[in-house]
Peer 1: 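Okay, handing you the structure first.
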Amino acid sequence: QVRLVESGGGSVQAGGSLRLSCAAHGTTYSSYCMGWFRQAPGKEREAVATIRSASVVRTAYTDSVKGRFTISQDNAKNTLYLQMNSLKPEDTGVYYCAADWTVSGSCWFPSEFQYWGQGTQVTVSS
């Protein structure tokens, strides 16, 4: 049974940094899509950053976080990270880690991901 466990959320002031972690349990696949999504109050869940690991590793970011956020992975620890710098109030939301073992899709839309973590709150104050 696959289980994703997020940690690292919290409250920071604008301009601050946070690092989110997602520990993946029960996975043995070498090819996968994993990603970070966020959901602000009253808004739909959206992709923030994803990583596709197949023959090559590819990352993707939503425009609003490019240059500020970095997605990375530690395969030895089965852990996915999201380093968030220069945080803005509009980055506030619940951040979810997600995974899927199908790498033929876009590796971007929430509907493409089968496994989800419980979410961790990120609050950025101005």
Peer 1: Are Glu6 and Trp36 side-chain neighbours, meaning at least one heavy-atom pair lies under 4.5 Å?
Peer 2: yes
Peer 1: Which value, rounded to the nearest 0.5 Å, describes the distance between Arg38 atom CZ and Glu44 atom CD?
Peer 2: 14.0 Å
Peer 1: For the backbone of Cys107 and the side chain of Glu112, can you confirm whether one donor and one acceptor N or O come within less than 3.5 Å of each other?
Peer 2: yes
Peer 1: Between Arg52 and Ala60, is there a donor-acceptor pair closer than 3.5 Å when you use the side chain of the first and the backbone of the second?
Peer 2: no
Peer 1: How far apart are the closest heavy atoms of Phe69 and Tyr61, and which atoms are they?
Peer 2: O-CE2, 3.3 Å
Peer 1: Within a strict 4.5 Å, meaning less than it, do heavy atoms of the Cys22 and Tyr81 side chains meet?
Peer 2: no
Peer 1: Which heavy atom of Leu4 sits nearest a heavy atom of Cys97, and at what distance?
Peer 2: CD1-O, 3.7 Å
Peer 1: Counting only heavy atoms from other residues, nucleotides and ligands, does the tally under 6.0 Å from CD of Gln13 exceed 12?
Peer 2: no
Peer 1: Does any part of the side chain of Ile51, heavy atoms only, come nearer than 4.5 Å to the side chain of Arg58, both counted from C-beta?
Peer 2: no
Peer 1: Could you tell me which non-hydrogen atom of Ser86 sits nearest to which non-hydrogen atom of Arg68, and how far apart they are?
Peer 2: O-NH1, 2.9 Å
Peer 1: Restricting to non-hydrogen atoms, name the atom on Leu80 and the atom on Ser72 that form the minimum distance, rounded to 0.1 Å.
Peer 2: CD1-O, 3.3 Å
Peer 1: Check for me whether Arg45 meets the cation-pi criterion with Tyr96, that is, NZ or CZ under 6.0 Å from the six-membered ring centre and within 45 degrees of the ring axis.
Peer 2: yes
Peer 1: Rounded to the nearest 0.5 Å, what separation is found between the CG atom of Asp100 and the SG atom of Cys33?
Peer 2: 7.0 Å
Peer 1: Honestly curious: do Trp108 and Val57 fall in one hydrophobic cluster under the side-chain, below-4.5 Å linking rule?
Peer 2: no
Peer 1: Please name the pair of heavy atoms, one in Pro89 and one in Ser125, separated by the smallest distance, quoted to 0.1 Å.
Peer 2: CG-C, 4.4 Å
Peer 1: I need the Leu18 CG to Asn85 CG distance, nearest 0.5 Å.
Peer 2: 9.5 Å
Peer 1: Is there side-chain contact between Met84 and Val122, with heavy atoms separated by less than 4.5 Å?
Peer 2: yes
Peer 1: Within this structure, what is the CE-CD1 distance for the pair Met34 and Ile71, rounded to the nearest 0.5 Å?
Peer 2: 8.0 Å
Peer 1: Measure from the side-chain N and O atoms of Thr120 to the backbone N and O of Gly9, and report whether any donor-acceptor pair falls under 3.5 Å.
Peer 2: yes
Peer 1: Kindly give the heavy-atom pair with the smallest separation between Asn75 and Tyr32, and that separation in Å.
Peer 2: OD1-OH, 3.1 Å
Peer 1: Salt bridge between Lys66 and Asp63, side-chain N to carboxylate O under 4.0 Å?
Peer 2: yes
Peer 1: Nearest 0.5 angstrom please: Trp101 CH2 to Ser53 OG, how far?
Peer 2: 10.5 Å
Peer 1: Once you round to the nearest 0.5 Å, how far does CG of Leu82 lie from OG1 of Thr50?
Peer 2: 11.0 Å
Peer 1: Give a yes-or-no answer on whether the side chains of Asp74 and Thr79 include a donor-acceptor pair shorter than 3.5 Å.
Peer 2: no
Peer 1: What I want to check is whether the side chains of Thr92 and Glu90 have a donor and an acceptor closer together than 3.5 Å.
Peer 2: no
Peer 1: Test of understanding: clusters of I, L, V, M, F, W, Y form through side-chain heavy atoms closer than 4.5 Å, transitively. Do Leu20 and Val12 belong to the same one?
Peer 2: yes
Peer 1: Report yes if the distance between the aromatic ring centroids of Trp116 and Phe37 is under 6.0 Å, otherwise no.
Peer 2: yes
